Colleague: 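After the structure tokens below, expect a handful of questions from me.
In this chain, numbering begins with 1 at the start of the sequence shown. The structure presented is a predicted model; accordingly, all values stated were derived computationally and were not measured. For ligands, and for the atoms within them, numbers begin at 1 and follow the listed sequence.
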Amino acid sequence: MPDQELGEEETETRVRRARNEVLVLAAALTGISASVLTLTPGRTDALVASGSITMVLIAIGFFVSEPMVFHIEARNESVSFSPTDLPLAYGLLFLSPVSLVLMRLVVGGAALVIWRRPPAFKLALNLSNYAVETVVAVVVLRALHPGDLAITPQTWATLTAALLVSLIASAGTIALAISRFENDLVDRLRSERLYSFLFYLPMAVVVATAAVPVIDNPWFAAVSSSPVVVIWLVLRSHGSLMHRYSDLSDVHDFSHQVGRSEHLDDITSTAIQEVTEHLRASRAALLVWDDRPGSVAAAAGDTELLSIMPTDSADRDWAAVASPDRIEVVRADPPDEEVARRLAGIDVAEAVVAPLADEAGPVGLLVVADRHGASTTFSIEDVSRVRTIARQLTVALRKGRLYVRVQHQATHDRLTGLPNRTLFEAHADAELIEHRQLAIFLLDLDRFKQVNDTLGHQAGDELLVKVAARLRTAVGNDGLIARLGGDEFGFVAAGCDGAQAVELARRMAHVINEPFPVQGADVSVGVSVGIALGPDHGDDLTTLLRRADVAMYAAKRHHDEVRVFEALLEDPQDADRLALLGDLRAAIRQGALDVHYQPQLDVRSGQIVGAEALARWIHPEHGFVPPDEFIVLAEQSGLILPLTDRVLTRALGTASRWRSDGHEVGVAVNISAHSLIDDQFPDLVVERLREHDLPGEALTLEITETAMMSDTERAFQTLTRLGEFGIHVSIDDFGTGYSSLVNLRRLPITELKIDRAFVMAMLEDECDAAIVRSTIELGHSLGLPIVAEGVESTELLGHLGMLGCDIAQGYVISRPLPAAELFEYLDSSRRQGSAVLSG
Ligand code: C2E
Ligand code: CA
Ligand code: CA
């Protein structure tokens with residue numbers, strides 16, 4: 001990855017620049033110290049005279065105390081403690097400043113090279129630091145101390161001050177140098193350094209206390225030094241305690257971070273992040289083996305490192321350095337074995353190689369490379385940290401691997417290895433959210449049962465595995481194939497239209513149709529594929545799956561390979577509806593639809609003034625079909641226009657016969673919203689009226705409130721045109737559609753027809769009574785006559801009359817009657833002088 005290379009390159013140039021800066025700093029500090037030294041008065045005189053033995057002893061002191069330095073290293077900080085202050089204190093007393101500085105540099109430098117072999121820039125830095133601390137101590141001591149040295153509190157205080165300032169100066173130098181590599185100086189001084197400053201004063205006090213008595217007798221040093229050594233030992237054990245503590249909390253942090261997730265990928269990436277931070281590694285990489293030998297379950301970290309790591313836990317080259325329960329630091333120089341050579345190849349100088357394994361076997365391999373910071377080589381402590389981390393990590397990775405396996409088992413079919421229904425549905429659901437267009441396929445093998453029954457279950461299993469493999473190859477990356485159970489497979493393809501889906505299905509069917517070699521025999525099976533397309537056949541998975549299933553069964557029934565879902569195929573209830581629709585269409589065409597008429601009574605005069613035409617359909621098989629049912633069907637299918645025309649024509653024909661018979665009775669025809677928004681409708685009505693030689697006033701069109709409100713603009717135009725011909729318009733089922741008075745006023749209507757629900761209940765229900773009452777008042781205030789339908793009793797009829805209702809319709813007057821019966825009814829009413837009531 002180019003990004004990462006750039007990042008590494010950047011780090012490298014930064015480090016190189018920092019090293020150069022440190023070299024310059026060291027040179028400058030050494031120069032300044034040398035200049036200060038040359039200006040110091042008495043630079044060649046010792047404060048206390050002594051022999052060459054003392055000189056040798058001090059040199060030895062410097063030499064042996066050097067490796068006794070120990071660091072307390074917390075995450076980002078390293079505090080150094082060493083007993084070199086003791087020889088320094090003696091040197092301040094018994095050596096001349098020049099000798100002391102030279103000795104410190106020569107012996108300290110030699111000790112450094114021998115004990116530690118630091119890189120050049122670090123050696124230079126340490127030497128300059130020795131120069132600074134020594135010269136600072138000399139200057140402070142000589143400035144504060146005027147006369148001869150004696151064992152006095154004043155001498156003690158002066159020496160303490162000199163040592164303290166020297167310690168602080170030394171810490172400052174180191175901090176300055178480290179800051180070139182790491183955080184900025186101010187941060188460092190403010191935080192971690194504060195901690196080491198706390199130790200400086202007691203250290204200076206103790207060392208001065210040990211040194212002052214020696215002024216009189218150098219041999220006394222042997223006794224007085226011992227407390228310093230004891231204190232140093234205490235500090236060191238405290239340091240390692242602290243160290244262990246910080247390690248513990250680091251490791252606790254680590255396992256906390258790593259243990260937080262169950263996903264293998266999360267565990268590995270968190271581990272890499274934490275390991276690089278804890279160990280100050282430049283890079284690190286982690287491999288997790290799979291259960292199957294030679295395959296990797298997860299990998300994270302530096303790609304270059306990963307490229308040289310083995311893909312097999314049994315890799316011979318790595319086994320040499322990565323045997324279980326051994327953690328090894330491998331240096332690229334000298335490249336005496338393969339891993340070292342590989343590390344050198346990717347510019348890694350040093351790496352900690354940690355095999356991750358437990359009793360159950362190898363789990364993975366962790367490689368941590370190139371330490372940066374104060375120390376650039378991995379220490380014993382680092383290795384032991386890696387060991388602890390490796391243990392924690394092994395546990396976490398085992399858990400993660402188990403999780404992956406459980407996940408896989410929960411979402412895959414054990415036999416074929418294909419995704420199972422759970423994963424199939426989850427995947428399809430996700431695809432539905434992302435893509436509008438998508439195809440769901442259900443595949444069911446033909447003749448699989450025979451194979452199972454005749455050749456046995458084992459053969460059946462073998463066949464299924466082979467079918468799965470062929471299907472997988474056939475579809476490639478076009479979608480997800482899954483085994484849904486038994487011999488049923490599912491396939492989902494996103495962004496796929498009908499033609500593409502059929503082509504995909506044919507491809508799958510093709511590979512299944514080829515014979516399968518099963519247990520030495522050639523077995524032929526076929527497949528039926530059902531397809532449902534989103535969003536055409538549904539926009540949720542349940543619907544699509546059900547419809548793909550319907551299509552699949554249709555394919556099986558008709559011995560087709562592939563079937564795409566059609567509305568016709570849907571469940572039996574819909575098939576019935578569909579059949580009914582066909583019958584209705586035929587009935588309309590053949591004129592098999594009948595019309596009944598229900599008379600309407602003028603409440604005041606007691607005369608029949610009109611009749612409502614109501615469609616009747618006697619189905620050849622089902623008998624009477626309620627109009628509410630077939631009207632809805634007609635409205636949904638577009639059959640309503642021819643149906644309305646039929647009823648209208650029949651009703652006008654009947655009405656014209658009434659007239660020629662001397663009955664001044666109008667006819668009311670129900671029309672639906674479809675007619676209302678049909679531009680041709682008014683012309684059609686006028687045409688029909690002319691055909692029957694009837695005036696517009698003979699016809700009332702009943703339109704429900706809701707139909708009227710569906711498109712008020714178009715309704716307004718249609719009604720206006722109808723009104724121009726004198727045709728009455730009645731608002732049917734008034735009171736159920738919440739129309740406002742304002743809207744009603746705008747429309748050219750001539751009548752309000754109160755919904756029968758209110759009328760029928762008004763004697764029992766106060767509320768309904770109020771509605772009927774106010775509707776009558778409202779209608780009258782608009783100048784509209786009111787029709788009440790559903791009048792079933794004379795009591796109700798009388799009540800409506802009292803309320804001022806104009807026209808009544810209902811069983812108490814007459815049920816809807818066939819045309820011929822209505823004639824008789826009209827005749828007998830005429831004979832009687834008023835309408836015949838049946839109640
Ligand atoms: P609607 O327009 O409200 O018709 C009145 C309904 O009330 C009729 O039911 C009628 O039989 C019934 N009815 C009349 N008097 C009484 C009574 O005293 N008590 C009770 N309980 N009911 C009474 P039907 O014939 O079953 O018609 C139902 C609906 O079907 C009609 O309601 C109308 O909306 C629709 N419909 C009927 N024929 C046609 C048609 O030709 N075209 C259109 N578009 N719709 C129609
Ligand atoms: Ca009606
Ligand atoms: Ca009605």
Colleague: When you look at D645 and R688, which way does the salt bridge (Lys or Arg N to Asp or Glu O under 4.0 Å) test go after all the steps?
Modeller: CA-CA 9 Å; D645 189 25; R688 295 284 178 260; 2.8 Å; yes
Colleague: Protein heavy atoms: any of them under 4.0 Å from atom 24 (P) of ligand 1?
Modeller: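 When distances to the protein are checked, atom 24 (P) of ligand 1 has a heavy atom within 4.0 Å.
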Colleague: Could you identify the N, O or S atom of E702 positioned closest to the Ca ion (ligand 2)?
Modeller: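 It is OE1 of E702.
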Colleague: Let me know which of N670, V729, V669 forms a side-chain contact (heavy atoms from CB on, under 4.5 Å) with E702.
Modeller: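 That would be N670.
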Colleague: With carbon and hydrogen excluded and only N/O/S kept, which atom of D733 is nearest the Ca ion (ligand 3)?
Modeller: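 When I compare the N, O and S atoms of D733, OD1 is nearest to the Ca ion (ligand 3).
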Colleague: Under a 4.0 angstrom heavy-atom cut-off, which atoms of ligand 1 come close to E789?
Modeller: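 So the answer, numbered in order with elements, is 3 (O), 5 (C).
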Colleague: Specify side chain, backbone, both or neither for Q809, according to which of its non-hydrogen atoms lie closer than 4.0 Å to ligand 1.
Modeller: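 The answer is neither; Q809 stays 4.0 Å or more away.
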Colleague: Looking only at protein heavy atoms, identify the closest one to atom 35 (C) of ligand 1 and say how far it is in Å.
Modeller: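 Protein heavy atom at minimum distance: I631 CG1, 4.2 Å.
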Colleague: Check for me whether P626 has a heavy atom closer than 4.0 Å to any atom of ligand 1.
Modeller: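 Not so, P626 does not reach ligand 1.
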Colleague: Is it the case that R815 places NZ or CZ above or below the six-membered ring of Y811, under 6.0 angstrom from the centre and within 45 degrees of the axis?
Modeller: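 Judged by the rule (NZ or CZ under 6.0 Å from the ring centre, within 45° of its axis), R815 counts as positioned above Y811.
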Colleague: Of the choices R756, R616, E635, which has the non-hydrogen atom that lies closest to atom 6 (C) of ligand 1?
Modeller: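 The option holding the nearest heavy atom is R756.
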Colleague: Only heavy atoms of D733, strictly under 4.0 Å: list the atoms of ligand 1 that pass.
Modeller: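 Per the distance check, 3 (O).
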Colleague: Does any N or O of ligand 1 fall below 3.5 Å from an N or O anywhere on A615, backbone included?
Modeller: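 Yes, A615 has an N/O under 3.5 Å of an N/O on ligand 1.
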Colleague: With no hydrogens and no angle check, is any side-chain donor or acceptor of E751 less than 3.5 Å from a backbone partner on L701?
Modeller: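 Side chain of E751 to backbone of L701: no pair is present.
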Colleague: Which of the atoms in ligand 1, numbered in the order shown and given with their element, are less than 4.0 Å from a heavy-atom of G810?
Modeller: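 Listed by number with element: 15 (N), 18 (O).
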Colleague: Check D732 and report its N/O/S atom nearest to the Ca ion (ligand 3), by atom name.
Modeller: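 Within D732, restricted to N, O or S, the Ca ion (ligand 3) is closest to atom OD1.
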Colleague: Is a side-chain N or O of S814 found less than 3.5 angstrom from the main chain of P599, in a donor-acceptor match?
Modeller: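 Judged by distance alone, no pair lies under 3.5 Å.
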Colleague: Can you tell me if R472 uses its side chain to pair, donor with acceptor, with the backbone of I481 under 3.5 Å?
Modeller: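 Absent.
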Colleague: Nearest to atom 13 (N) of ligand 1 by heavy atom, W617, Y811, F630: which?
Modeller: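 The option holding the nearest heavy atom is Y811.
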Colleague: Please could you name the atoms of ligand 1 that P816 approaches to less than 4.0 Å, counting only its heavy atoms?
Modeller: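 Answer for ligand 1: 11 (O).
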Colleague: With rounding to 10 degrees, what does the angle E612:OE2 / the Ca ion (ligand 2) / N670:OD1 come to?
Modeller: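 If I round to 10°, I get 90°.
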Colleague: Give the numbers and elements of all ligand 1 atoms closer than 4.0 Å to a heavy atom of V647.
Modeller: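 Matching atoms, with element in brackets: 41 (O).
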Colleague: For M760, take its heavy atoms, then give the atoms of ligand 1 lying under 4.0 Å from any of them.
Modeller: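 Per the distance check, 21 (N).
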Colleague: Would you please classify the geometry between the H622 ring and the H619 ring as parallel, tilted or perpendicular, with 30° and 60° separating the classes?
Modeller: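 Answer is parallel, since the angle falls under 30°.
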Colleague: Under a 3.5 Å distance rule, please check whether R563 uses its side chain to pair with a backbone N or O of A555 as donor and acceptor.
Modeller: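 Flag not set: sc R563 to bb A555 has no pair under 3.5 Å.
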Colleague: Between ligand 1 and E612, can you find any atom pair, the residue atom being a heavy atom, that is separated by under 4.0 Å?
Modeller: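 It does; at least one heavy atom falls under 4.0 Å.
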Colleague: Take atom CD of E766 as the centre, draw a 6.0 Å sphere, and report whether it contains more than 12 heavy atoms from other residues, nucleotides or ligands.
Modeller: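 Count not over threshold, so no.
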Colleague: Decide, counting backbone as well as side-chain atoms, whether T704 has an N, O or S atom less than 3.0 Å from the Ca ion (ligand 2).
Modeller: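 Checking the Ca ion (ligand 2) against T704, no N, O or S atom falls under 3.0 Å.
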Colleague: Checking one value in my table: which N/O/S atom of E789 lies closest to the Ca ion (ligand 3)?
Modeller: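 The E789 atom nearest to the Ca ion (ligand 3), restricting to N, O or S, is OE2.
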Colleague: Can you report which non-hydrogen protein atom sits closest to atom 19 (N) of ligand 1, along with the distance?
Modeller: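 Of every protein heavy atom, E792 OE2, 2.6 Å lies nearest to atom 19 (N) of ligand 1.
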Colleague: Which protein heavy atom lies closest to atom 2 (O) of ligand 1, and at what distance to 0.1 Å?
Modeller: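 It is D732 OD2, 3.0 Å.
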Colleague: Taking D594 as the fixed residue, which of R650, R646, R616 is the one that meets the salt bridge (charged side-chain N to carboxylate O under 4.0 Å, His left out) rule?
Modeller: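 Testing D594 for a salt bridge (charged side-chain N to carboxylate O under 4.0 Å, His left out) against R650, R646, R616 leaves exactly one candidate, R650.
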Colleague: Given L614, V595, L593, identify the one with the heavy atom nearest to atom 31 (C) of ligand 1.
Modeller: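 The nearest heavy atom belongs to L614.
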Colleague: Hey, is R421 close enough to E425 for a salt bridge, meaning N to O under 4.0 Å?
Modeller: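 Yes, R421 and E425 are salt-bridged.
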Colleague: Quick test of your reading of the model: are D478 and R507 salt-bridged, counting only N-O distances below 4.0 Å?
Modeller: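 Yes, this pair counts.
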Colleague: Between D806 (side chain only) and I786 (backbone N and O only), is there a donor and an acceptor less than 3.5 Å apart?
Modeller: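 Indeed, once roles are kept as given, a pair shorter than 3.5 Å links the two residues.
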Colleague: With respect to atom 42 (N) of ligand 1, which of N670, L648, I671 exhibits the smallest heavy-atom separation?
Modeller: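 Shortest heavy-atom distance from atom 42 (N) of ligand 1: N670.
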Colleague: State the atoms of ligand 1, each with its element, that fall below the 4.0 Å cut-off from a heavy-atom position in D628.
Modeller: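 Those qualifying, in numeric order: 28 (C), 29 (C), 30 (O).
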Colleague: Can you check whether Q598 has an N/O within less than 3.5 Å of an N/O in ligand 1?
Modeller: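 Indeed, backbone or side chain, Q598 has an N or O that close.
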Colleague: So, R483 and E488, do they make that salt bridge, N to O below 4.0 Å?
Modeller: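 Not counted as a salt bridge, because no side-chain N and carboxylate O are separated by less than 4.0 Å.
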Colleague: Name the closest protein heavy atom to atom 26 (O) of ligand 1, giving the residue it belongs to and the distance to 0.1 Å.
Modeller: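 Here the closest protein heavy atom is P627 CG, 3.3 Å.
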Colleague: What part of D755, side chain, backbone, both or neither, has a heavy atom within less than 4.0 angstrom of ligand 1?
Modeller: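 It is neither part, as no heavy atom is under 4.0 Å.
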Colleague: With the threshold set at 4.0 Å, does a side-chain nitrogen-carboxylate oxygen contact exist between D693 and R659?
Modeller: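 Looking at R659 together with D693, the answer is no, because their closest N to O distance does not fall below 4.0 Å.
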Colleague: Strictly distance-based, threshold 3.5 Å: is any side-chain N or O of S730 a donor or acceptor partner for the main-chain N or O of D732?
Modeller: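 Judged by distance alone, no pair lies under 3.5 Å.
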